[in-house]
Amino acid sequence: MRLSLAAAISHGRLYRRLGPSPRARLDLLRNLVTALVRHERLEAPWARADEMRGYAERLIDYAKRGDTDERAMRMANFWLTEKDLIHKLFKVLAPRFQPHPGSYTRLLQIPNRDGTDRAKMAVIELKGNPYPPLVRPRRDSDKTLLNQLLKGYREDSRRQAAPRLPEGTPL
Amino acid sequence: MAARWAARCLRAGREARRFVSTPSASRLTSEEIIQMRNELFTKEKERQLSLYPRIEKIEVKYTGKSHPGSLLIMNKALSTPYNCAMHLSEWHCKKSVLALVDGEVWDMYRPLTKSCEIQFLTFKDEDPEEVNKAYWRSCAMIMACVLKQAFKDEYSVNLVKAPEVPVISGAFCYDVILDNRLNDWQPTKDNFNSLTKDASKLIYKDLPFETLQVEAKVAREMFQHNKYKMEMIEQKASQNMEGIITLHRFGDFVDVSEGPHIPRTSFCFQYEITAAHNLQTNQSELIRRFQGVSLPVHLRAHHTVWHKLLERSKWLVTEEKIVEAAAESHEEKGGMEEEKTLSI
């Protein structure tokens, strides 16, 4: 009987195994969520940040219900170990994310850790944080070849669509 | 080698006596003309190389943003800006299209002659106007080469010139005068497809664009059979103080052009020859303007966008329309500025 191979396969398992036990895994993630709510940008191993992301977003969904909701308050009480952050969660983060229906965090991979383990690291941040942006989207200049061709195409179609005014009419 | 050249001269002379030809045009087969031009080009290149028998070093300072303050020691009249890019990084080699040497725009494969400052221009700079112009010129030259080789030997193809059309007009053009017997022939879609396939073959061969600065008389000897090119050479020689003409060659095709070209033909990705129009001039011969559109490897377009650009490039591009369009855009800009000032 090949027990070893069957034990290694984990098809369809959603939760990663972090730490010595499931309770330790939850404590680990709880610390990370608390740190995220406190500092709004966090550098951590990619697996832990990815695991924590779902919990953080669901916590914000609970916070959107409002602090009068009993369930939301108990959740926040469990997940945030530093109790001053409960106020920040309900009064600052919930209104900030009120218009969005989801995706309150951003996860970006960074170069591997410098230590001997060379772990895959990531930076996780809440959107709308006050720090300078991590990635600046670079748009092509207006004068590149493709943009010039497209500009000419747009102007041609505009000239075709709009009725031609005879020259000399005051604009 | 000189004896073989002379023998070919005599053989062609014997064939030419059957035709009524002008005394200077002793060779009428286009293949022989191409070979003659090629040989003259190679001879001139070797002669210019032999002017520097010993290697002399020059200092080239790189003034770009990526490697600030780097000093490169290169060989005089042997090293090209492409060699300088090879010293910097692979990214520089692949992305740079032209070099800015002491403020002047140079081809990547043109040898450097003295100590200078160098910078590289790519397709995605803040102001890639020179690069766009060079790309359009190169595409027009590829189209000229394709047209020259497309027709059978009995039909003569005279290349007139490549008008300097801005990129925003939507197509690059080349003016050609075809044989009289083809005056009523209108190219069909299949003809354009086959021309495009020829151009794709040239692009796939990845031929480098070689530059050569020659004196006017060498250029006149090369292009003695083509009166339009001779006019252009005279014009260029009168503009330049020393009477030096820049020639470009890729593969077997030599041509005079207004300015620098891209380094290799493989820089074009999507290339299509789309239309041919008859130009209305007061001359007796029918001048045809062949048009096409192309995009480089670095700025590829999705096929939906590409087809829209193809459709637009089929319309005739003339200098008057370009001037009109420029005037209109200036008017609009002026109107917008007036509105802004009024609102303040």
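Chain identifiers are assigned alphabetically (A, B, ...) following the order of the sequence lines, protein sequences preceding nucleic acid strands; residue numbering begins at 1 within each chain. All values reported here derive from a predicted model rather than from experimental measurement.
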- Strictly under 6.0 Å, is that where the ring centroids of B:Phe123 and B:Tyr135 end up? yes
- Note on the structure: To the nearest 0.5 Å, atom CZ of A:Arg139 lies from atom OG1 of A:Thr144 at 10.0 Å
- Message: Under 6.0 Å from the ring centre and within 45 degrees of the ring axis: does the NZ or CZ of B:Arg312 meet both conditions for the six-membered ring of A:Tyr153?
- Response: no
- Between B:Thr122 and chain A, which part of the residue has a heavy atom less than 4.5 Å away: side chain, backbone, both or neither? neither
- Comparing B:Lys124, B:Lys308, B:Glu129 against chain A, the one with the most heavy-atom pairs below 4.5 Å turns out to be B:Lys308
- Message: Does the Lys NZ or Arg CZ of A:Arg30 fall within the cation-pi geometry relative to A:Phe78 - under 6.0 Å from the ring centre and within 45° of the axis?
- Response: yes
- When the 4.5 angstrom heavy-atom criterion is applied to B:Val131 and chain A, the contacting part is neither
